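Structure first, then comments.
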Amino acid sequence: MALDGLLVRLLLVMAVAAAVASGVPAPPGLAVGFYNESCPHAEEMVFAEMQEIVRKDVTLAPALLRFMLHDCFVRGCDGSIMLKSRNGTGERDSIPSYSLRGYDEIDQIKAKLEKECPLTVSCADIIVMAARDAVFLTNGPWYEVETGRRDGRVSSDYDANNDLPGPNNTIVDIKIYFSFKGLGWKDIVVLSGSHTIGRAQCITFAEDRLYNYTGRGIQDPTLNKTYAATLRQACEPGLERDTTPVEMDPSTPYTFDLGYYRDVASKKGLFTSDQTLLDDPWTREYVERMAAAESPDEYFRDYAEAMTNMGRIEVLTGDNGEIREVCTAYVD
Ligand SMILES: *[C@@H]1O[C@H](CO)[C@@H](O)[C@H](O)[C@H]1NC(C)=O
Ligand SMILES: *[C@@H]1O[C@H](CO)[C@@H](O)[C@H](O)[C@H]1NC(C)=O
Ligand SMILES: *[C@@H]1O[C@H](CO)[C@@H](O)[C@H](O)[C@H]1NC(C)=O
Ligand SMILES: *[C@@H]1O[C@H](CO)[C@@H](O)[C@H](O)[C@H]1NC(C)=O
Ligand SMILES: *[C@@H]1O[C@H](CO)[C@@H](O)[C@H](O)[C@H]1NC(C)=O
């Protein structure tokens, strides 16, 4: 009897957690193939440009994937990350965005689309399509993207400084950042897997993880010692702005695979925000299961779902916002 009661409660908790994990409803105005009639070749054109971009410089694949996070978490997926501010108060000027790359590439794609279908495809949608293509071009899944977003006109460094989770966040903080955007634990653990491709600069983790864990002048005791020794060779202590790049998933740095989960499971997640996925029972179970998985199929399906959820954050559709001709217009 008692056991049955416990089981019912457990199932209930699981049902609630599952609901929270995939709880972002499709906003009206977003649809797969929104440009079917107004710009039928839009997605192919973005893909063709992305193929060129990634072929020339594979590091732009993770950069453009990160670009979507930075756009969507700050005032929603509205292209506002692209806007320029003469007085230095735009999203681009914020602390989390200082090393963001991809502005020129989004502009380049937009210019192509403007020639084919003027004032039709939003900067916000281009960012979402480019992120999807970046994943696919590094051997990740292909998935359908919803389009129909319109561009916002407001861009504030204050919002960017406050709304983006950072490398030194623990799971408690990350859950708060994500829940403000309507995303749950599954989105956190699945989207964190984006760190399967790309690099990070020493400055983003060296203090926290190698030299001054919680301000005590020590190495993070949860970090794999072998891995820490390698990282110490790459990142010199005390350099104010050490921009040396380190690969986030060293064994396959530009292949979108389960390597990230194997890293985290063996205490080789680069950031505190990676390592901390082991501190929560739900995210930990997912990390360990993916680390042991033989096929990435389940992960790829989850990734498509989580990216769709992120793509729905606070979007402008219908008559809201605008379709900007030049993504990098000035706001002031
Ligand atoms: C666009 O076309 C695709 C493929 O035929 C279809 O799946 C999708 O629903 C269409 N979308 C719209 C908004 O018409
Ligand atoms: C990282 O976070 C921990 C825990 O909140 C804190 O003690 C530490 O000072 C932070 N480090 C930096 C460099 O902000
Ligand atoms: C480590 O962090 C503490 C607290 O933030 C700071 O006071 C101290 O100067 C730092 N030590 C080094 C070696 O950077
Ligand atoms: C640390 O990394 C080494 C080398 O990759 C690995 O053999 C070991 O199992 C890891 N340690 C832990 C605690 O996971
Ligand atoms: C920067 O420009 C914006 C928009 O015109 C304005 O709201 C803001 O007060 C300006 N900030 C500074 C520091 O001049």
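Just so it is clear, the model here is predicted, and its values are computed rather than measured. We count ligands from 1, going down the list as the structure has it; atoms in each ligand are counted the same way. FYI, side chains are in, hydrogens and waters are out, and symmetry mates aren't considered; it's all heavy atoms of this structure.
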State whether a side-chain donor-acceptor pair under 3.5 Å links Ser273 with Thr276.
no
Do Asp274 and His195 meet the criterion of a side-chain donor-acceptor pair at a distance under 3.5 Å?
yes
Do any nitrogen or oxygen atoms of ligand 4 lie under 3.5 Å from a protein nitrogen or oxygen, and which ones?
| unit_1 | atom_1 | unit_2 | atom_2 | d |
| --- | --- | --- | --- | --- |
| ligand 4 | 2 (O) | Asn224 | OD1 | 3.1 |
| ligand 4 | 2 (O) | Asn224 | ND2 | 2.4 |
| ligand 4 | 5 (O) | Lys268 | NZ | 2.6 |
| ligand 4 | 11 (N) | Asn224 | ND2 | 2.8 |
| ligand 4 | 14 (O) | Ser266 | O | 3.2 |

Give the contacting part of Glu207 toward ligand 3: side chain, backbone, both or neither, where contact means a heavy-atom distance below 4.0 Å.
side chain
Contact check: Ala31 vs ligand 1, nitrogen or oxygen atoms, below 3.5 angstrom:
no
Asp332 and Ser85: side-chain donor and acceptor closer than 3.5 Å?
yes
Go through Arg75 and Glu314 one step at a time and tell me if the salt bridge (charged side-chain N to carboxylate O under 4.0 Å, His left out) criterion holds.
CA-CA 7 Å; Arg75 293 189 160 267; Glu314 298 160 29; over 6 Å; no
Sequence neighbours excluded - salt bridge (charged side-chain N to carboxylate O under 4.0 Å, His left out) pairs with any residue from residues 88-98:
none
Looking at Glu144 and Arg132, is any side-chain nitrogen of the basic one under 4.0 Å from a carboxylate oxygen of the acidic one?
no
Indicate whether the side chain of Asp208 and that of Thr272 have a donor and an acceptor atom separated by less than 3.5 Å.
no
